[in-house]
Peer 1: 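Dropping the structure in here first, questions after.
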Amino acid sequence: MLVLLSLPLVAGEWTQYYFRFELIDKTQLQSLTEIISIDNVKGNWVYAYANDSEWAQFSALGYNTQLLPAPSSEFPVVMSSDVSEAKNWDSYPTYSAYVAMMNSFAATYPQLCQIINVGTTANGRAILVAKISDNVASEEQEPEVLLSSTMHGDETTGWMLMLRLIDTLLSQYGTNPRLTNIVNSMELYIAPNTNPDGTYYGGDNTVANARRYNANGVDLNRNYPNYDGSLNQGAIQPETQAMMDFANSHNFVFGANFHGGAEVVNYPWDYTYTLHADDAWFISSSLVYASNAQANGPSGYFTGISSNGIINGADWYRISGGRQDWMNYTRNGREVTIECSNTKLPAASTMPDYWNYNYEAMLSYLELALDGIHGTVVDVHGNPLMAEISIAGYDNTYSIIETDATHGDFYRYLQPGTYTLTVSTFGYEPQEVQVTVNAGQMTPVNVVFGELPNDLEISLNAGWNLISLNKVPASYAVEDVFAGMPGLIQIKNERYSYMPSMAEYFNTLEELTVSGGYWVNMTAPAILTVSGAQVQASATPISLKAGWNLVSYLPEAAKPTSIALASIASYLQEVNHLGSYPGNMEPGKGYWIKVSQDCTLTYPD
């Protein structure tokens with residue numbers, strides 16, 4: 001191990017200023033956050049960071065300001081350049097050891113883990129993400145979950161928690177049922193350090209001079225586009241763009257971004273006092289993490305900002321350009337910010353303690369992604385559809401979700417209750433689906449758009465056949481129903497006839513009906529296919545005259561003759577199909593029915 005003391009505060013081309021100032025009027029925070037990077041608010045004291053230009057602009061405002069030591073200088077740092085040594089979790093890895101550790105996860109567990117380089121930093125370091133799943137090479141019909149950390153380079157507790165979480169999930173897969181279920185049930189992406197330039201500002205071999213901002217002196221958690229697309233703080237930085245591109249290429253529905261400098265779960269919104277449509281769910285899910293952290297941490301853990309360990313971001317202090325808000329209002333995911341240690345860069349020897357404090361909280365929070373509504377939207381052939389899922393009277397623009405294009409799956413996390421989902425997709429009328437959500441349970445919802453072609457296939461023999469239709473064809477014209485039919489000689493009913501070999505003016509049967517039966521004469525066997533909607537038999541009465549009538553059979557399935565003709569039982573004298581009494585009546589066949597007086601036949605459905 002290497003033990004290193006912090007280097008001077010000034011390094012590279014810009015100076016980092018860490019300071020506090022007293023502020024009585026909290027309404028000024030909104031304008032100040034456009035100038036400096038506010039880090040915490042404790043009573044009337046505001047703690048903040050600035051680069052050179054920000055410091056000059058802020059200093060001109062005349063606040064009573066106290067410069068403070070860099071948070072990364074609080075403890076001597078202990079570094080490890082060896083991966084196996086770093087996995088004792090009581091030292092910080094050098095940059096090369098960090099990269100080697102990430103790659104070793106994929107090399108050791110190739111069926112469970114892939115390492116993705118989502119982009120490079122301003123100074124060319126890799127932004128690495130571990131994908132963990134039981135079928136890691138495939139995109140499955142599972143919720144995509146994103147955990148990330150250390151976008152502020154001097155906040156290192158979450159970085160170490162994420163590395164150890166990756167190692168634990170992989171090494172205990174198959175032996176620990178709880179961890180195995182997490183890996184089997186979601187596609188989990190973990191980005192331990194999304195600002196390595198800030199963490200290794202003093203060089204690849206130490207975190208002693210870690211800084212909040214990236215190498216260009218920009219706070220990445222103020223660098224995301226605002227809800228209206230405007231930019232909050234200069235040009236989009238490489239690290240920000242890489243994570244935005246990565247998020248835009250996925251459908252992250254759940255997640256958390258880990259920070260340090262406080263101990264609290266911060267839930268949306270950060271930029272406005274208006275509550276998120278899912279505010280109640282954000283509160284309850286945030287309490288799952290905070291209560292577990294309090295239960296497993298020392299006295300006072302996760303109580304410094306609020307007694308229950310959670311806070312609405314704007315109620316703490318408002319910011320613009322934050323990552324959490326961007327993920328929620330642009331990607332319509334469900335992400336919170338977890339501040340997991342009051343000390344930004346704690347002594348490495350305390351990392352096992354923070355693991356013990358947060359282990360149960362991390363697992364319990366991840367398992368929330370397995371609750372709620374898990375649905376799919378497909379067409380009648382099973383093809384996934386891009387669809388929008390909303391809840392009338394509940395949702396707004398920033399809470400409506402969409403399906404994933406690959407499988408048509410969607411995930412909606414809600415408080416227990418009954419909801420009416422409106423599912424909308426191009427080319428179809430929207431569908432409404434009522435869903436009941438229960439606490440701690442997954443509720444499956446499968447929405448299908450369209451109908452399968454409803455075909456009636458009639459087997460025709462050589463010679464005379466007696467047929468009928470119980471589908472509504474696109475056209476009732478005889479030429480259309482029998483279009484392309486080989487071997488057709490003649491079609492007729494009691495009064496009219498059609499013969500394709502005859503001149504048009506001799507053909508008196510022009511259209512078929514669903515109420516009548518028809519004789520069909522063929523030179524050879526064939527199949528007549530009629531496509532269309534099923535006739536509702538009970539809503540299609542057939543008028544009969546006293547004596548013999550040639551009629552259709554309308555129900556979708558075969559029925560005993562006595563049941564099919566129950567509506568005319570008092571008048572029925574005889575039934576005949578091709579010379580015999582049928583025990584069952586079947587779709588596609590026509591029947592001669594003799595009744596004693598005029599009456600109405602109504603088939604059951």
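Just so it is clear, the structure is predicted and the values come from calculations on it, not from any experiment. Heavy-atom basis, side chains included; hydrogens, waters and symmetry copies ignored.
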Peer 1: With ring pair (Phe, Tyr, Trp, His ring centres under 6.0 Å) as the test, would you mind laying out the steps for F19 and W55 before giving the verdict?
Peer 2: CA-CA 10 Å; F19 56 97; W55 176 251; 4.9 Å; yes
Peer 1: Less than 3.5 Å apart, any donor N or O on the side chain of N216 or Q237 sitting next to an acceptor on the other?
Peer 2: yes
Peer 1: Any non-hydrogen side-chain atom of E140 less than 4.5 Å from a side-chain atom of M186?
Peer 2: no
Peer 1: Before you tell me yes or no, could you show the steps for F58 and T65 under side-chain contact (heavy atoms from CB on, under 4.5 Å), namely the whole-Å CA-CA distance, both residues' side-chain angles and the distance that decides it to 0.1 Å?
Peer 2: CA-CA 10 Å; F58 174 75; T65 304; 3.5 Å; yes
Peer 1: Which atom pairs, one a donor and one an acceptor, fall under 3.5 Å between side chains of residues 343-351 and the rest of the protein, sequence neighbours left out?
Peer 2:
from	atom 1	to	atom 2	distance (Å)
K344	NZ	D39	OD1	2.7
K344	NZ	D39	OD2	3.3
K344	NZ	E155	OE2	2.8
T350	OG1	A347	O	2.6

Peer 1: Just do the side-chain contact (heavy atoms from CB on, under 4.5 Å) check on N40 and W316 with the steps written out, would you?
Peer 2: CA-CA 8 Å; N40 205 339; W316 189 10; 3.2 Å; yes
Peer 1: Say whether, by atom type as modelled, one donor and one acceptor occur between the side chain of N117 and the main chain of A126 under 3.5 angstrom.
Peer 2: no
Peer 1: Does the N103 side chain pair with the main chain of A100, one donor and one acceptor, at a distance under 3.5 Å?
Peer 2: no
Peer 1: Just how far is it from atom CG of N328 to atom CG of D270, taken to the nearest 0.5 Å?
Peer 2: 9.5 Å
Peer 1: Could you check whether any side-chain heavy atom of P93 comes within less than 4.5 Å of a side-chain heavy atom of M79, counting everything from C-beta outward?
Peer 2: no
Peer 1: Side chains of T168 and W355, heavy atoms from C-beta outward: is any pair under 4.5 Å?
Peer 2: yes
Peer 1: Should the pair Y398 and W269 be assigned to parallel (<30°), tilted (30 to 60°) or perpendicular (>60°) ring geometry?
Peer 2: perpendicular
Peer 1: What is the minimum heavy-atom distance between V77 and T206, and which atoms define it?
Peer 2: CG2-OG1, 3.8 Å
Peer 1: M327 and A247: which non-hydrogen atoms are nearest, and at how many Å?
Peer 2: SD-CB, 3.9 Å
Peer 1: For the residue pair E139 and T406, confirm or rule out a side-chain donor-acceptor distance under 3.5 Å.
Peer 2: yes
Peer 1: What I want to check is whether the side chains of Q415 and S284 have a donor and an acceptor closer together than 3.5 Å.
Peer 2: yes
Peer 1: Evaluate side-chain hydrogen bond (donor to acceptor under 3.5 Å, both in side chains) for S230 paired with D228, printing each intermediate quantity in order.
Peer 2: CA-CA 6 Å; S230 63; D228 59 1; 2.6 Å; yes
Peer 1: Between the side chains of Y289 and N358, does any donor sit under 3.5 Å from an acceptor?
Peer 2: yes
Peer 1: Below 4.0 angstrom, N of the basic side chain to O of the carboxylate: do R323 and E335 qualify?
Peer 2: yes
Peer 1: Decide yes or no on ring pair (Phe, Tyr, Trp, His ring centres under 6.0 Å) for Y227 and Y271, but give the supporting numbers first.
Peer 2: CA-CA 9 Å; Y227 72 96; Y271 78 101; 5.2 Å; yes
Peer 1: A cation-pi test, strictly: NZ or CZ of K42 under 6.0 Å from the centre of the six-membered ring of Y47 and no more than 45 degrees from its axis. Yes or no?
Peer 2: yes
Peer 1: I want to check a possible cation-pi pair here: R125 against Y95, using under 6.0 Å from ring centre and within 45° of the ring axis as the test.
Peer 2: yes
Peer 1: Does the distance from a Lys or Arg side-chain N to an Asp or Glu carboxylate O, for R412 and D278, drop under 4.0 Å?
Peer 2: yes
Peer 1: Starting from the C-alpha separation in whole Å, work towards a yes-or-no answer on ring pair (Phe, Tyr, Trp, His ring centres under 6.0 Å) for F258 and W159.
Peer 2: CA-CA 8 Å; F258 284 77; W159 174 37; over 10 Å; no
Peer 1: Evaluate the criterion side-chain contact (heavy atoms from CB on, under 4.5 Å) for residue pair F246 and L146; output intermediate values, then yes/no.
Peer 2: CA-CA 11 Å; F246 181 59; L146 175 63; 4.3 Å; yes
Peer 1: E85 and S91: side-chain hydrogen bond (donor to acceptor under 3.5 Å, both in side chains), yes or no, with the steps?
Peer 2: CA-CA 8 Å; E85 186 179 71; S91 61; 5.3 Å; no
Peer 1: What's the spacing between L188 CG and I132 CD1 if we round to 0.5 Å?
Peer 2: 5.0 Å
Peer 1: Is the shortest side-chain heavy-atom distance between L29 and I319 below 4.5 Å?
Peer 2: no
Peer 1: Which label fits H152 and H259: parallel for a plane angle under 30°, tilted from 30 to 60°, or perpendicular past 60°?
Peer 2: perpendicular
Peer 1: Do the rings of H374 and Y413 sit parallel, tilted or perpendicular, given the 30° and 60° boundaries?
Peer 2: perpendicular
Peer 1: Does the N226 side chain pair with the main chain of G229, one donor and one acceptor, at a distance under 3.5 Å?
Peer 2: no
Peer 1: My understanding is that only residues two or more places apart in sequence, or in another chain, count here; which of them pass side chain to side chain donor-acceptor pair (under 3.5 Å) with S96?
Peer 2: T94
Peer 1: If you look at every heavy atom in W14 and N214, which pair is closest and at what distance?
Peer 2: CZ2-O, 3.3 Å
Peer 1: Will you find, in the side chains of E402 and N332, an N or O donor that is under 3.5 Å from an N or O acceptor?
Peer 2: no
Peer 1: Any side-chain to backbone donor/acceptor pair from Q294 onto F302? Under 3.5 Å, distance only.
Peer 2: yes
Peer 1: How many angstroms lie between atom OG1 of T194 and atom CG of N257, to the nearest 0.5 angstrom?
Peer 2: 6.5 Å
Peer 1: Who are the side chain to side chain donor-acceptor pair (under 3.5 Å) partners of Y92, not counting sequence neighbours?
Peer 2: T156
Peer 1: Side chains of T121 and D197 only: does a donor on one sit below 3.5 Å from an acceptor on the other?
Peer 2: yes
Peer 1: With the side chain counted from C-beta on, respond yes when Y301 and N296 share a heavy-atom pair under 4.5 Å apart, and no when they do not.
Peer 2: no
Peer 1: Within this structure, what is the CE-CG distance for the pair M162 and L147, rounded to the nearest 0.5 Å?
Peer 2: 5.5 Å
Peer 1: Should I391 and L414 be marked as a side-chain contact (heavy atoms from CB on, under 4.5 Å) after you check the CA-CA gap, both sets of side-chain angles, and the distance that decides it?
Peer 2: CA-CA 11 Å; I391 303 173; L414 296 162; 3.8 Å; yes
Peer 1: For the pair E360 and S364, evaluate side-chain hydrogen bond (donor to acceptor under 3.5 Å, both in side chains) and give the outcome as yes or no after the intermediate values.
Peer 2: CA-CA 6 Å; E360 179 62 33; S364 296; 2.8 Å; yes
Peer 1: What pair of heavy atoms forms the shortest contact from Y49 to P71, and how long is it?
Peer 2: OH-CG, 3.1 Å
Peer 1: Supply the atom-to-atom distance R334 CZ to W281 CH2, rounded to the nearest 0.5 angstrom.
Peer 2: 7.0 Å
Peer 1: How close do Q16 and R211 get, heavy atom to heavy atom, and via which atoms?
Peer 2: OE1-CB, 3.2 Å
Peer 1: Hey, mind stepping through D154 and Y201 against side-chain hydrogen bond (donor to acceptor under 3.5 Å, both in side chains) and telling me if it holds?
Peer 2: CA-CA 9 Å; D154 60 352; Y201 193 85; over 6 Å; no
Peer 1: Between L366 and V145, is any pair of side-chain heavy atoms under 4.5 Å apart?
Peer 2: yes
Peer 1: Decide whether S37 and R212 meet the rule of one side-chain donor and one side-chain acceptor closer than 3.5 Å.
Peer 2: yes
Peer 1: Test ring pair (Phe, Tyr, Trp, His ring centres under 6.0 Å) on Y189 and F252 and set out the steps.
Peer 2: CA-CA 9 Å; Y189 294 80; F252 291 119; 5.3 Å; yes
Peer 1: What is the distance from atom OH of Y354 to atom OG1 of T157, rounded to the nearest 0.5 Å?
Peer 2: 5.5 Å
Peer 1: So, for M102 and A130, which heavy atoms are closest and what is the spacing to 0.1 Å?
Peer 2: CE-N, 4.0 Å
